[in-house]
Amino acid sequence: MTSPHGDGSNLGGSDVRAAAEAGSVLDDLTPEQLAAEWDEDKPPAAGPLANIAAAAVVVVIGVAGIFLSLGMGLGTPEAPEPGMWPFIISVVLVVLATALAVFGRNTLDAEKFSSSSWAVLAGVGTLIGFVLLVGTIGFEIPSLLLTFVWLRFLGKETWRMSTVLSFAVVAAFYLIFVVALGVPVPHLF
């Protein structure tokens, strides 16, 4: 039997029985017991300084977005210009980040930076690469690569599943947005 994580590892007969028994044990737990078990497995909280730092980063991004959108022009609600929607989103970012800084300092939901946090940075880096390539070579190849990398390396899917799903996702997006809806996105074909 193949591992559910898609890493190709095989489970022996005793491992399958142990997993089945563990599953039946989890089925017998009350919601409170299950929540307590999840709390034990949770990584350590980042703390109030991390919450304030996260809020500060989002405020900086929001303020930059406000100034950039003002440069594009806002227009009016009846006749919006290109900067209207980015301006609204940027204002919402600043408001929510400020609320996080004021009210969220003592929440313990944020996780401390660990080795698994690098996956998030890899995801952001590949997304930036995707954005930089789409305007130059179209969306098909960057979308295919982004989907494959996220599925195979970040999601730990099998090579076959990552390949098949990557092609399927790009084909679906092409058929929906380019063929059916006629959205003017940069594309090869």
With rounding to the nearest 0.5 Å, note down the distance linking [atom1] in [X] to [atom2] in [Y].
| X | Y | atom1 | atom2 | value |
| --- | --- | --- | --- | --- |
| Leu165 | Leu144 | CG | CG | 11.5 Å |
| Leu133 | Ile128 | CG | CD1 | 12.0 Å |
| Met84 | Leu70 | CE | CG | 10.5 Å |
| Glu32 | Thr30 | CD | OG1 | 4.5 Å |
| Thr76 | Glu81 | OG1 | CD | 8.0 Å |
| Thr147 | Phe130 | OG1 | CZ | 8.0 Å |

Indicate, with yes or no, if [Y] and [X] share a hydrophobic cluster defined by side-chain heavy-atom contacts under 4.5 Å among Ile, Leu, Val, Met, Phe, Trp and Tyr.
| X | Y | answer |
| --- | --- | --- |
| Val63 | Leu74 | yes |
| Phe67 | Leu93 | no |
| Leu151 | Phe148 | no |
| Val60 | Leu100 | no |
| Ile141 | Phe139 | yes |

For Ile61 and Val57, run side-chain contact (heavy atoms from CB on, under 4.5 Å): C-alpha distance rounded to whole Å, both residues' side-chain angles, the deciding distance at 0.1 Å, then the answer.
CA-CA 6 Å; Ile61 291 170; Val57 168; 4.0 Å; yes
CA sep, side-chain torsions, deciding dist, call: Leu68, Met72, side-chain contact (heavy atoms from CB on, under 4.5 Å)
CA-CA 7 Å; Leu68 290 171; Met72 292 189 294; 5.7 Å; no
Please list, one pair per line, the donor and acceptor atoms closer than 3.5 Å that link side chains of residues 167-179 to other protein atoms, with sequence neighbours excluded.
residue, atom, partner, partner atom, Å
Tyr174, OH, Phe189, O, 2.8

Just distance, no hydrogens or angles: give the donor-acceptor pairs under 3.5 Å from side chains in residues 118-126, sequence neighbours left out.
residue, atom, partner, partner atom, Å
Thr126, OG1, Ala122, O, 3.1
Thr126, OG1, Gly123, O, 2.9
Thr126, OG1, Trp150, NE1, 2.8

Hydrophobic cluster mates of Val102, side-chain heavy atoms under 4.5 angstrom, ILVMFWY only, any path?
Phe103
With side-chain contact (heavy atoms from CB on, under 4.5 Å) as the test, would you mind laying out the steps for Leu96 and Val58 before giving the verdict?
CA-CA 9 Å; Leu96 291 176; Val58 175; over 6 Å; no
Would you check if the side chain of Ser69 reaches a backbone N or O of Ile66 as a donor-acceptor pair within less than 3.5 Å?
yes
Between Thr98 and Val94, which heavy-atom pair has the shortest distance, and what is it?
OG1-O, 2.7 Å
